[in-house]
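Note that these values count all heavy atoms, side chains included, but never hydrogens, waters or copies made by symmetry. Just so it is clear, the model here is predicted, and its values are computed rather than measured. Throughout, a chain's letter reflects where its sequence line sits, starting with A, and its residues are numbered from 1.
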Number of protein chains: 2
Amino acid sequence: MTEEKKNINILYVEDDMNLGFVVKEVLEEKGYTVKHCMDGDDAIQKFGTDSFQLCILDIMLPNKDGFEVAEFIRKVDASVPIIFLSAKSLSDDKIKGLKIGADDYITKPFSTEEFLLRVENLLKRTGTLDNDGADKDVFPIGKYTFNYKEYCLILGDDIKRLTEREANLLRLLCLHKNQIITREVLLKSVWGKDDYFTGRSMDVFISKLRKYLSLDENVKIQVVHGIGFKMIIPN
Amino acid sequence: MTEEKKNINILYVEDDMNLGFVVKEVLEEKGYTVKHCMDGDDAIQKFGTDSFQLCILDIMLPNKDGFEVAEFIRKVDASVPIIFLSAKSLSDDKIKGLKIGADDYITKPFSTEEFLLRVENLLKRTGTLDNDGADKDVFPIGKYTFNYKEYCLILGDDIKRLTEREANLLRLLCLHKNQIITREVLLKSVWGKDDYFTGRSMDVFISKLRKYLSLDENVKIQVVHGIGFKMIIPN
DNA sequence: ATATACGATTAACAGCCTATTAACGCTCTA
DNA sequence: TAGAGCGTTAATAGGCTGTTAATCGTATAT
């Protein structure tokens with residue numbers, strides 16, 4: 001996830017050094033690339049010489065205010081998403097921003113969590129970020145692809161449908177790929193209880209999963225005797 | 001402009017009669033069609049039996065709160081834009097809403113001007129305003145064409161008329177084509193309740209739909225045992 | 001008011017699917 | 001080497017689904 005974001009360029013215009021530094025840090029920590037400008041003219045020029053997937057504009061700026069910058073940006077690129085930051089919660093400013101076509105409007109002070117969520121949501125909306133946490137439900141397993149939500153295991157044209165139990169178990173193994181996961185954890189997570197018969201039942205499922213995955217010899221569900229299992233997935 | 005908007009359906013959930021009435025008026029004056037629900041359960045069912053281009057949800061609701069409604073709606077349609085209304089400007093609520101995937105978050109009280117601007121902006125963003133969102137009710141299903149609004153299923157010259165229930169059910173399957181949709185979601189959306197007999201009733205409808213769709217062998221309504229169904233529509 | 005038509009629900013039965021249990025043989029470890 | 005742990009296959013029971021037919025309820029026409 002983080003690697004994908006590295007390609008996302010954000011133009012950030014803010015004259016408050018302190019806030020500016022913090023916000024830049026926060027965004028960069030999440031893997032975004034951030035160009036930070038201190039005033040409107042600088043921003044306009046940056047926009048002309050680089051391409052951005054998102055613009056975050058403070059409204060109060062020396063030289064040219066955020067609205068003017070936004071209007072300019074809109075002339076150059078009508079679709080790039082724009083977020084305004086404002087110290088005032090004055091409705092007039094808000095409305096002016098919305099009229100220009102702001103995509104979001106955040107009032108200072110804001111929590112970094114809220115800020116990041118808004119940024120992410122906006123990028124998702126505009127299709128820059130891949131949609132929802134769907135990534136979390138698709139696991140590559142060697143030559144296979146395992147789609148947890150759809151309960152299926154895909155290899156080429158072949159789509160093997162899994163039962164709910166099979167899928168739950170396989171998902172846990174994927175979340176711990178190349179690591180040992182104990183029988184207890186598996187049993188408590190998937191079955192909710194840990195006794196002899198449930199354990200034997202799980203062994204039957206492990207057996208099935210091995211069979212399903214047998215067409216890629218590099219993928220293995222190893223047993224760790226007396227402890228649990230370890231699914232080997234080569235990179 | 002106003003004429004185009006006539007095709008835009010808005011689901012509005014608000015238990016405050018006074019505010020509800022005003023907002024409905026304001027939106028309708030702009031040419032939108034507004035379905036106003038008073039509580040969450042009602043909204044969920046409305047969503048299952050009609051198609052909306054925008055949902056506006058109050059957070060404080062009797063029965064089910066706005067977040068729950070949103071989560072359900074997201075299960076049925078992952079892309080429909082959602083705006084939350086909230087009396088509290090509490091950051092926690094905001095964050096919760098954004099996490100669920102709200103597209104905007106408006107704090108009461110708000111001016112009608114700001115409100116309308118946000119609605120329009122959101123609709124522009126999602127492209128609903130451009131193409132007069134008529135497509136939303138016509139679904140290609142393999143060789144068939146399903147027209148939800150007209151309750152009919154067309155294959156060549158043959159026009160099969162569907163009942164309302166049949167159409168509602170088929171629509172939901174279409175919205176989730178090639179994806180698993182759970183029995184619970186189908187039942188809550190189409191019937192508004194989820195019990196044994198309603199479930200059996202649904203099975204009868206599924207059986208009918210399969211029969212209607214049997215002339216295209218590439219179209220299948222698969223069962224996902226213990227979970228729900230998955231309609232396969234080849235591209 | 002009565003008859004009719006239609007759609008939806010309920011009933012009934014058959015068939016299917018799945019998780020579990022049992023059984024047996026093998027492997028690992030103490 | 002004994003005993004516990006695991007791999008695998010097969011059988012079973014119980015729940016879930018597919019389908020048809022009967023019944024119920026409501027709207028419509030006579």
inquiry  = Applying a 4.0 Å non-hydrogen cut-off, can you work out what B:R183 is touching in the nucleic acid: base, sugar-phosphate, or nothing?
reply    = sugar-phosphate

task = Compare every heavy atom of B:A167 with every heavy atom of B:Y151, then report the nearest pair and how far apart it is.
result = CD2-CB, 3.4 Å

ask   = Does A:K208 make a cation-pi contact with A:F205, if we ask for NZ or CZ under 6.0 Å from the ring centre and within 45° of the axis?
value = yes

task = By nearest nucleotide on DNA chain C, pick out whichever of B:E166 and A:S201 is the more 5' one.
result = B:E166

ask   = Taking CZ from B:R200 and C1' from C:dT10, how many angstroms apart are they, rounded to a whole number?
value = 10 Å

key: Opening and closing nucleotides of DNA chain D in contact with chain A, under 4.0 Å to non-hydrogen atoms   = D:dG5 to D:dT9

ask   = With sugar-phosphate meaning primed atoms plus P, OP1 and OP2, does A:R210 contact a base, only sugar-phosphate, or nothing at under 4.0 Å between heavy atoms?
value = sugar-phosphate

query = Does C:dA8 have OP1 or OP2 sitting under 4.0 Å from an N or O in the side chain of B:T163?
reply = yes

message = Which is more 5' along DNA chain D, the nucleotide nearest A:G228 or the one nearest A:K211? Just name the residue.
response = A:G228

inquiry  = In this structure, how many angstroms lie between the P atom of C:dA8 and the CG atom of B:D195, rounded?
reply    = 17 Å

task = Test salt bridge (Lys or Arg N to Asp or Glu O under 4.0 Å) on B:K64 and B:D39 and set out the steps.
result = CA-CA 7 Å; B:K64 275 194 169 61; B:D39 70 71; over 6 Å; no

Electrostatic pair B:E71-B:K75, nearest N-O below 4.0 angstrom = no

request  = Round to a whole Å and report the spacing from OH of A:Y196 to P of C:dA23.
outcome  = 11 Å

ask   = A:K160 has an atom NZ; how far is it from atom P of C:dC17, in whole Å?
value = 11 Å

query = For A:L162 and C:dT18, what is the distance between atoms CG and P respectively, to the nearest whole Å?
reply = 10 Å

task = Classify the side-chain pair A:N168/A:Y148 by whether it contains a donor and acceptor separated by less than 3.5 Å.
result = yes

request  = Indicate whether OP1 or OP2 belonging to C:dT20 is found under 4.0 Å from a side-chain N or O atom of A:R165.
outcome  = yes

B:D158 and B:K143 ion-paired at < 4.0 Å = no

Nearest-nucleotide 5' precedence on DNA chain D, A:S207 against A:H225 = A:H225

query = Do A:H176 side-chain atoms and A:K230 backbone N/O form a donor-acceptor pair below 3.5 Å?
reply = no

query = How many Å lie between CG on A:N168 and C1' on C:dA19, as a whole number?
reply = 13 Å

ask   = Between C:dG7 atom C1' and B:L169 atom CG, what is the distance in whole Å?
value = 15 Å

remark   = Looking only at C:dA19, C:dT21, C:dA11, the nucleotide nearest the A:K208 side chain is C:dA19

ask   = For B:I227 and C:dC16, what is the distance between atoms CD1 and C1' respectively, to the nearest whole Å?
value = 16 Å

inquiry  = So, OP1 or OP2 of C:dA19: does either fall under 4.0 Å of a side-chain N or O from A:W191?
reply    = no

